[in-house]
Amino acid sequence: MINIAVLVSGGGTNLQALLDAQEAGKIPHGKIVLVLASNEKAYALERAKRHSVATAVVRRKDYGSQDEFDQALVQTLRDHHIELVVLAGYLSILGGHVIDCYRDRIINIHPSLIPSFCGKGFYGLRVHEAALARGVRVTGATVHFVNEIPDGGKIILQKAIAIEDGDTPEVLQRRVMEQAEWILLPRAAEIVAKKLDEEKA
Ligand code: GRF
């Protein structure tokens, strides 16, 4: 069994998909033991509490440097014996120290088909605004490993979603979340947790 931490910043719908999948037995090799938020106002924290999952808040603005923040983040993860980190709508930057400590053990959900509409500055609604502005007919979501390059790590899963006439960024975001993100992230968490669990054996 692999201890999983889910890192969040906002509403936590991806976290909810993970919690629901866990309760439905769809993540048999992993256990969500910590939800760590970048701010104390993240509604995702309420979702964690409703499922009796431990929570923590580690705010970048409480630390004088990226390195001090990284150290605090890693210490919190170590205190909870975390083996796999899942970024679910997490908006803080992870510095090199975090990535080194959890090499190939951090995964992220991005709301586009990487390499399109990804990298620095592409997050949340901005991703869908860019897809609509470019006029692509297909978008989707990607789960990938996290490394030093924003959205640049090895791709684990992708799912394509058709863009429909009249889509607004908000409507498109919701469709990509419902039909791609919430399906892919639990599936990817189980794939990686299973691999890590087998390596432990
Ligand atoms: C959404 O834009 C989603 O596409 C991205 O993170 C944002 C918030 O997701 N992955 P959540 O509801 O906090 O999981």
Side-chain angles (χ1 to χ4, degrees), residues 4-23 26-27 30 32 34-51 53 55-60 84-94 106-134 136 138-147 149-153 155-164 167-190 192:
I4 297 173
V6 183
L7 274 50
V8 297
S9 293
T13 64
N14 278 287
L15 166 67
Q16 190 64 55
L18 288 161
L19 292 167
D20 293 345
Q22 177 172 266
E23 287 176 9
K26 294 180 182 172
I27 312 179
I32 300 167
L34 176 67
V35 171
L36 188 155
S38 59
N39 70 87
E40 69 283 357
K41 296 187 177 62
Y43 184 69
L45 292 168
E46 298 311 310
R47 297 180 189 270
K49 289 166 188 166
R50 277 206 295 272
H51 289 260
V53 176
T55 60
V57 176
V58 182
R59 303 187 312 178
R60 173 67 184 81
L84 173 58
V85 178
V86 179
L87 307 186
Y90 186 67
L91 296 176
S92 289
I93 302 294
L94 298 181
I106 308 173
I107 66 174
N108 179 53
I109 177 81
H110 181 76
S112 77
L113 295 177
I114 290 175
S116 297
F117 313 114
C118 69
K120 195 168 171 55
F122 282 102
Y123 58 87
L125 218 46
R126 294 181 177 196
V127 176
H128 305 292
E129 288 166 350
L132 291 169
R134 183 64 183 82
V136 294
V138 175
T139 186
T142 303
V143 185
H144 62 94
F145 284 105
V146 173
N147 62 15
I149 304 161
D151 301 325
I155 289 171
I156 302 166
L157 293 175
Q158 292 190 300
K159 189 170 190 286
I161 299 293
I163 288 181
E164 295 172 12
D167 271 350
T168 63
E170 292 77 7
V171 166
L172 180 57
Q173 177 179 51
R174 186 76 192 178
R175 187 180 311 125
V176 169
M177 290 168 92
E178 285 177 349
Q179 298 181 21
E181 295 182 42
W182 300 346
I183 293 166
L184 291 184
L185 195 53
R187 199 174 291 170
E190 169 55 17
V192 179

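When a ligand or atom number is given, it counts from 1 through the structure's own listing order.
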Which atoms from ligand 1 have a heavy atom of M177 less than 4.0 Å away?
9 (O), 12 (O)
Atoms of ligand 1, numbered as shown, that sit under 4.0 Å from any heavy atom of E181:
3 (C), 4 (O), 5 (C), 10 (N)
Using modelled atom types only, decide if a donor and an acceptor are shared between the side chain of K159 and the backbone of T142 within a distance under 3.5 Å.
no
For G11, the ligand 1 atoms whose distance to one of its heavy atoms is below 4.0 Å
13 (O)
Which residue and non-hydrogen atom of the protein lie closest to atom 12 (O) of ligand 1, and at what distance in Å?
T13 OG1, 2.6 Å
Applied to residues 168-177, the salt bridge (charged side-chain N to carboxylate O under 4.0 Å, His left out) test, sequence neighbours excluded, yields E164-R175, D167-R175, R174-E178
What residue and atom, counting heavy atoms only, is the protein's closest point to atom 13 (O) of ligand 1, and at what distance?
G12 N, 2.9 Å
For ligand 1, is I109 a contact, meaning one of its heavy atoms is under 4.0 Å away?
yes
Qualifying side-chain hydrogen bond (donor to acceptor under 3.5 Å, both in side chains) pairs, either residue in residues 8-20, two or more places apart
S9-S38, T13-W182, N14-E181, Q16-D20, Q16-R47, Q16-H51
Between Q22 (side chain) and I32 (backbone), is there a donor-acceptor pair under 3.5 Å?
yes
Main chain of I114, side chain of Q158: is a donor-acceptor contact present, judged purely on distance under 3.5 Å?
yes
Identify, by atom number and element, the atoms of ligand 1 in contact range of G124, meaning under 4.0 Å from any of its heavy atoms.
2 (O)
H110 and S112: side-chain donor and acceptor closer than 3.5 Å?
yes
For atom 1 (C) of ligand 1, what is the nearest protein heavy atom, given as residue, atom name and distance?
Q173 NE2, 3.7 Å
Charged N to carboxylate O under 4.0 angstrom, K26 versus E190?
no
Atom 9 (O) of ligand 1: nearest protein contact (heavy atom, Å):
N14 ND2, 3.7 Å
Report the distance from atom CG of L132 to atom OG1 of T168, rounding to the nearest 0.5 Å.
7.5 Å
Per-atom filter on ligand 1: closer than 4.0 angstrom to a heavy atom of P111 are 4 (O)
Determine whether any heavy atom of A44 lies closer than 4.0 Å to an atom of ligand 1.
no
Can you report which non-hydrogen protein atom sits closest to atom 6 (O) of ligand 1, along with the distance?
G89 CA, 3.3 Å
